[in-house]
Amino acid sequence: YSFARRAMLVGQWVMRIPDEPDFIAFKPLRKQKGLAVDIGANGGQSAIALSFLLPQFEILSFEPNPALWRDLDFVARLIGKRFQFRKAGLGPRADAMTLYVPQIDALPITTRASLERASAEEHCQRLAEELGETPDILETSVDIMPFDSLDLHPDIIKIDVEGYEYAVLEGMTGVLERDQPILLLESNNNDDACQALLAKFGYKFFYFDPDARRISADPHKRTRNWFAVPQHREKILLG
């Protein structure tokens with residue numbers, strides 16, 4: 001499984017095709033320099049996409065799951081010095097928490113791991129419906145820290161943490177107010193709460209239109225992510 005995942009990463013790197021088309025929305029920033037933060041890095045597929053879409057950006061990933069750290073070491077060799085990753089998750093406060101990882105026959109489904117047990121159980125139910133086999137849940141203790149404690153000044157933040165998005169945002173309100181980064185978040189049941197929090201900092205919300213290959217205020221049925229964009233950065237992405 002690990003070999004197959006790394007082969008996929010190499011293919012993505014060579015072909016210059018992002019694992020999710022939404023990342024194409026960042027292409028207007030390709031001539032700029034900055035810091036892109038990847039929260040919930042998984043095996044590094046988002047970092048790979050950011051590396052070739054934003055060739056002058058530094059990339060910093062966060063991933064608390066030890067099962068994925070070797071893959072991220074592999075990604076570091078592909079991307080080079082522009083990429084670093086930290087072996088921790090992000091949340092509202094420094095803490096040790098339980099990461100819930102669905103697994104089938106001892107094979108962890110790492111893309112569905114969550115710090116929210118309810119979210120992991122929901123994924124298990126979906127996997128059981130799709131595969132006809134009910135996954136177990138592996139529990140792993142992981143380190144969590146608030147983003148505001150790290151003295152970072154990001155231009156872009158991608159958050160994909162399987163239902164824990166709001167808690168991550170709670171830990172970065174200082175950065176949201178001070179640095180006003182562009183955010184890309186996976187859509188989840190907590191979207192309304194996330195958007196209410198971000199609206200306090202002047203953010204507006206957009207969706208990637210795969211036909212126009214740019215963001216739009218109108219939700220698109222083929223996307224499962226959304227963008228939060230501060231007013232002074234709207235023109236950059238909208239063209």
Side-chain angles (χ1 to χ4, degrees), residues 8-9 11-63 75 78-79 82-83 85 90 111 147 152-162 165-166 168-169 172 175-176 179-188 190-192 194-199 201-239:
M8 178 196 71
L9 291 170
Q12 183 186 345
W13 169 258
V14 172
M15 299 297 292
R16 297 295 195 261
I17 299 175
D19 63 304
E20 296 189 58
D22 305 60
F23 284 93
I24 295 171
F26 292 132
K27 285 189 73 173
L29 303 172
R30 62 188 178 277
K31 294 183 179 180
Q32 298 185 17
K33 295 183 178 180
L35 172 63
V37 174
D38 171 24
I39 301 174
N42 200 258
Q45 57 269 32
S46 294
I48 291 286
L50 290 167
S51 73
F52 58 74
L53 290 169
L54 301 171
Q56 300 189 69
F57 269 61
E58 301 292 319
I59 302 162
L60 174 62
S61 291
F62 289 84
E63 177 52 57
V75 169
L78 281 178
I79 297 176
R82 287 195 297 130
F83 174 75
F85 75 94
L90 295 171
T111 56
F147 193 85
L152 296 171
H153 303 277
D155 300 278
I156 290 171
I157 300 177
K158 164 256 169 180
I159 307 175
D160 181 354
V161 287
E162 301 299 330
E165 285 77 9
Y166 185 81
V168 172
L169 292 174
M172 62 170 60
V175 165
L176 296 173
D179 298 297
Q180 294 273 281
I182 298 168
L183 290 94
L184 170 61
L185 297 96
E186 183 183 42
S187 184
N188 276 287
N190 59 12
D191 285 355
D192 289 344
C194 289
Q195 292 187 1
L197 186 155
L198 290 165
F201 299 100
Y203 280 85
K204 294 183 180 179
F205 310 110
F206 299 89
Y207 306 84
F208 183 68
D209 182 336
D211 299 318
R213 297 173 70 82
R214 55 179 287 187
I215 60 171
S216 166
D218 299 320
H220 196 283
K221 62 182 180 181
R222 297 212 309 269
T223 185
R224 58 189 182 93
N225 303 303
W226 52 277
F227 291 82
V229 185
Q231 184 175 358
H232 72 282
R233 295 183 188 257
E234 281 183 47
K235 189 176 180 180
I236 298 172
L237 291 189
L238 290 171

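Note that the coordinates shown come from a computational prediction; the quantities given were computed from them, not determined experimentally. Position 1 is the first residue of the sequence; numbering continues from there.
- Counting only residues at least two apart or on different chains, no salt bridge (charged side-chain N to carboxylate O under 4.0 Å, His left out) pair has a member in residues 48-57.
- Note that CD1 of Ile48 and CD1 of Ile17 are 13.0 Å apart. Values are rounded to the nearest 0.5 Å.
- Checking side-chain atoms of Lys27 against main-chain N and O of Arg214 turns up no donor-acceptor pair under 3.5 Å.
- Contact detail for Arg30 and Leu53: the closest heavy-atom pair is CB-O, 3.3 Å.
- For Glu186, the side chain to side chain donor-acceptor pair (under 3.5 Å) partners two or more places apart in sequence, or in a different chain, are Arg224.
- Looking at heavy atoms from C-beta onward, Tyr166 lies in side-chain contact with Cys194 at the 4.5 angstrom threshold.
- Taking the side chain as every heavy atom from C-beta outward, Asp160 and Asn42 never approach each other to under 4.5 Å.
- Side-chain contact between Phe83 and Ser61 is present, with heavy atoms from C-beta onward closer than 4.5 Å.
- For the atom pair Ile24 CD1 and Ile215 CD1, the distance stands at 13.5 Å (nearest 0.5 Å).
- Counting only heavy atoms from C-beta outward, the side chains of Met172 and Ile39 approach each other to under 4.5 Å.
- Interatomic distance, Leu50 CG to Gln45 CD, rounded to the nearest 0.5 Å: 11.0 Å.
- Residues Phe205 and Ala199 come closest through the heavy atom pair CZ-N, 4.0 Å.
- Listed by chain and number, the residues in a side chain to side chain donor-acceptor pair (under 3.5 Å) with Glu162 are His123 (sequence neighbours excluded).
- Between Phe26 and Phe227, the ring center distance clears the sub-6.0 Å criterion.
- The side-chain heavy atoms of Leu184 and Ile156, taken from C-beta on, include no pair separated by under 4.5 Å.
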- Message: Go through it in stages, so that I can follow the logic: the residues are Tyr203 and Leu197, the test is side-chain contact (heavy atoms from CB on, under 4.5 Å), and I'd like the CA-CA distance, side-chain angles, deciding distance and then a yes or no.
- Response: CA-CA 9 Å; Tyr203 280 85; Leu197 186 155; over 6 Å; no
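- Between the side chain of Gln180 and the backbone N or O of Leu176, at least one donor-acceptor pair lies under 3.5 Å.
- Closest approach of Val37 to Pro154, counting heavy atoms only: CG2-CB, 3.8 Å.
- Counting heavy atoms from C-beta on, the side chains of Val229 and Lys204 never come closer than 4.5 Å.
- Listed here is the closest heavy atom pair of Val175 and Leu152: CG2-O, 3.9 Å.
- Side-chain contact between Val168 and Phe147: absent, with no pair of heavy atoms (C-beta onward) separated by less than 4.5 Å.
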- For side-chain contact (heavy atoms from CB on, under 4.5 Å), just list the numbers for Gln195 and Trp226, CA-CA rounded to whole Å, side-chain angles, deciding distance to a tenth of an Å, and then say yes or no. CA-CA 10 Å; Gln195 292 187 1; Trp226 52 277; 3.5 Å; yes
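- Considering CD of Glu63 and CG of Leu90, their distance stands at 10.5 Å, rounded to 0.5 Å.
- The environment of Arg213 atom CZ is sparse: at most 12 non-hydrogen atoms of other residues, nucleotides or ligands sit within 6.0 angstrom.
- Side chains of Trp13 and Ile79 form a contact here, defined as non-hydrogen atoms less than 4.5 Å apart.
- What you find for Pro28 and Ile236 is that their closest heavy atoms are CB-O, 3.3 Å.
- In plain terms, the two heavy atoms of Gly44 and Leu9 that are nearest each other are C-CD2, 4.0 Å.
- Checking side-chain atoms of Arg16 against main-chain N and O of Phe52 turns up no donor-acceptor pair under 3.5 Å.
- How far CD1 of Ile182 is from CG of Asp155: 8.0 Å, rounded to the nearest 0.5 Å.
- To the nearest 0.5 Å, atom CD of residue Glu58 and atom CG of residue Leu35 are 7.5 Å apart.
- At least one donor-acceptor pair under 3.5 Å links the side chain of Arg82 to the backbone N or O of Phe57.
- Using modelled atom types, one side-chain atom of Gln56 and one backbone atom of Lys31 make a donor-acceptor pair closer than 3.5 Å.
- Checked by atom type and distance alone, the side chain of Gln231 never pairs as donor or acceptor with a backbone atom of Gly202 at under 3.5 Å.
- Between the side chain of Gln12 and the backbone N or O of Pro18, no donor-acceptor pair lies under 3.5 Å.
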